[in-house]
Undergrad: 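First the structure, then my questions, so here it is.
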Amino acid sequence: MRDILPPESGRWRRFTSVFAEVVEAAGYQQVISPLLEDLGVFVRIGDATDVVTKEMYDFVDKGERHVALRPEMTASVCRAYAQHRPTPPWKVFYSGPNFRYEKPQRGRYRQFDQVGIEVLGVDDPHLDVEVIALAWEFYRRLGLRRVVLVVNSLGEPDDRARYVEALRRHFEAAGDGLGAQSRETLQKNPLRVLDSKRPADQDVIAGAPAIADFYSDEAAEHFATVRAGLDRLGIEYVVEPKLVRGLDYYRRTIFEIQGGTLDSAQNALGGGGRYDGLVEALGGPSTPGIGFALGVDRTLLACDDEGVFAAVAPPLDAFLVDITGGQEAAAITAELRAAGLRSDRAFDNRSMKAQMKLANRSGAAHAVIVGDAELASGTVLVKPLRTDGEQVGIARDDLIRHLLGSTSND
Ligand code: AMP
């Protein structure tokens with residue numbers, strides 16, 4: 001678990017506000033869910049997944065409830081839908097931290113943030129296109145270019161079930177060709193063996209049957225409509241028949257956005273797909289759902305690697321240097337802030353030299369200096385700090401106008 005310090009923390013906040021702008025423009029509204037849920041909420045997302053069986057931060061609270069820190073947010077959103085029964089379609093977005101007890105490494109942490117959306121109550125493939133397009137648009141807005149959109153369809157539940165049986169036969173026939181860990185996964189969920197990144201498993205995985213051969217007409221048509229919709233929007237994608245997603249509840253459309261620069265086990269920056277059964281499993285009505293979650297930590301690493309969406313400290317417009325005791329700095333910074341000018345000041349009644357040093361270090365555009373003479377004559381000295389311009393003395397009443405003028409000229 002990491003501290004996110006300034007100026008990096010400012011970048012995190014901008015990240016979520018850009019995300020909110022993109023999805024609010026499409027009619028999504030924010031849902032804020034608790035970090036802690038009844039353990040049962042997450043067990044519903046799949047008891048054959050590492051996320052649930054090995055990585056959960058769960059404990060018994062003082063009221064003897066078995067609870068867990070959320071490992072993802074889809075289950076919480078579906079629980080909220082089942083509980084509050086909003087009118088469908090329910091289009092929501094979220095952002096915040098999740099917790100998984102994983103082995104920490106670059107791009108993989110025990111506390112990590114996600115932003116995401118979910119839509120409950122719509123079964124139309126055109127919605128799949130909207131959801132994928134929003135994720136894609138967000139990555140474009142960040143400035144990322146070396147990312148790849150990968151899509152697949154897991155078919156209808158029946159198609160998927162027949163496919164899973166064919167996979168089971170294929171992997172069982174491979175015997176020791178699969179590593180011990182994958183043989184264990186095979187017992188629980190053959191589909192998830194395809195997710196293995198272990199080099200030793202790759203030959204057997206390459207020879208595995210493809211889901212496309214198991215699609216019903218309905219599933220094939222749904223997927224064709226989604227692809228045609230992406231084509232229509234000019235969104236480039238790769239169809240990856242072996243793409244499966246970590247959690248068990250997906251069907252039909254699934255997708256991932258992969259970065260080119262992280263280790264392959266961490267190259268999924270975000271992903272999502274269509275699911276059903278989850279709202280019902282959580283006590284609600286049978287409800288189709290689709291959504292995605294994008295990892296903030298990993299996406300920002302990809303931004304670093306591409307040199308885009310950099311962390312920048314918000315620049316100050318003015319730094320107050322008050323050598324008359326500090327009251328003037330308090331009054332002037334308050335006036336400037338009220339006028340929308342970012343301003344900071346020195347404290348502790350330091351010397352002129354010490355305060356000027358702080359002003360220079362602050363990165364402010366101007367130092368605004370008040371000494372005894374200025375105080376007596378109702379003036380201030382304004383010294384540009386980022387350009388070679390001359391220091392000028394102006395009436396205190398003109399300060400805001402002066403600074404606003406130089407801000408717009410900068
Ligand atoms: P998932 O919920 O597993 O589909 O993950 C969606 C996205 O969340 C991934 O593509 C990652 O960007 C991010 N993510 C998942 N687990 C972690 C983790 N342990 N550390 C950092 N990011 C993660």
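Start at 1 with the first residue, then count along the sequence. Any value given below was found using the heavy atoms of this structure, including those in side chains, with hydrogens, waters and symmetry copies removed. Quick caveat, the model's predicted, so the values are computed rather than measured. First listed ligand is number 1; within each ligand, the first listed atom is number 1.
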Undergrad: Do Arg345's NZ or CZ and the ring of Phe347 fall within the cation-pi criteria of under 6.0 Å and 45°?
TA: yes

Undergrad: With under 30° as parallel and over 60° as perpendicular, where do the rings of Phe19 and Phe138 fit, or are they tilted in between?
TA: perpendicular

Undergrad: Once ring pair (Phe, Tyr, Trp, His ring centres under 6.0 Å) is applied, do any residues pair with Tyr237, and if so which ones, sequence neighbours excluded?
TA: none

Undergrad: Any N or O on Gly270 sitting closer than 3.5 Å to an N or O of ligand 1?
TA: yes

Undergrad: Tell me which one of Arg100, Glu102, Arg245, Glu72 gets a heavy atom nearest to atom 3 (O) of ligand 1.
TA: Arg100

Undergrad: My understanding is that only residues two or more places apart in sequence, or in another chain, count here; which of them pass salt bridge (Lys or Arg N to Asp or Glu O under 4.0 Å) with Arg396?
TA: Glu328, Glu335

Undergrad: State whether the shortest distance between N or O atoms of Ala268 and N or O atoms of ligand 1 falls below 3.5 angstrom.
TA: yes

Undergrad: Establish, yes or no, whether the cationic atom of Arg110 lies under 6.0 Å from the six-membered ring centre of Tyr101 and within 45° of the ring axis.
TA: yes

Undergrad: Before signing off on this row, confirm whether Leu269 and ligand 1 have an N or O atom pair separated by under 3.5 Å.
TA: yes

Undergrad: What atoms in ligand 1 come closer than 4.0 Å to a heavy atom of Gln114?
TA: 2 (O), 5 (O), 6 (C), 7 (C), 8 (O)

Undergrad: Give the contacting part of Val51 toward ligand 1: side chain, backbone, both or neither, where contact means a heavy-atom distance below 4.0 Å.
TA: neither

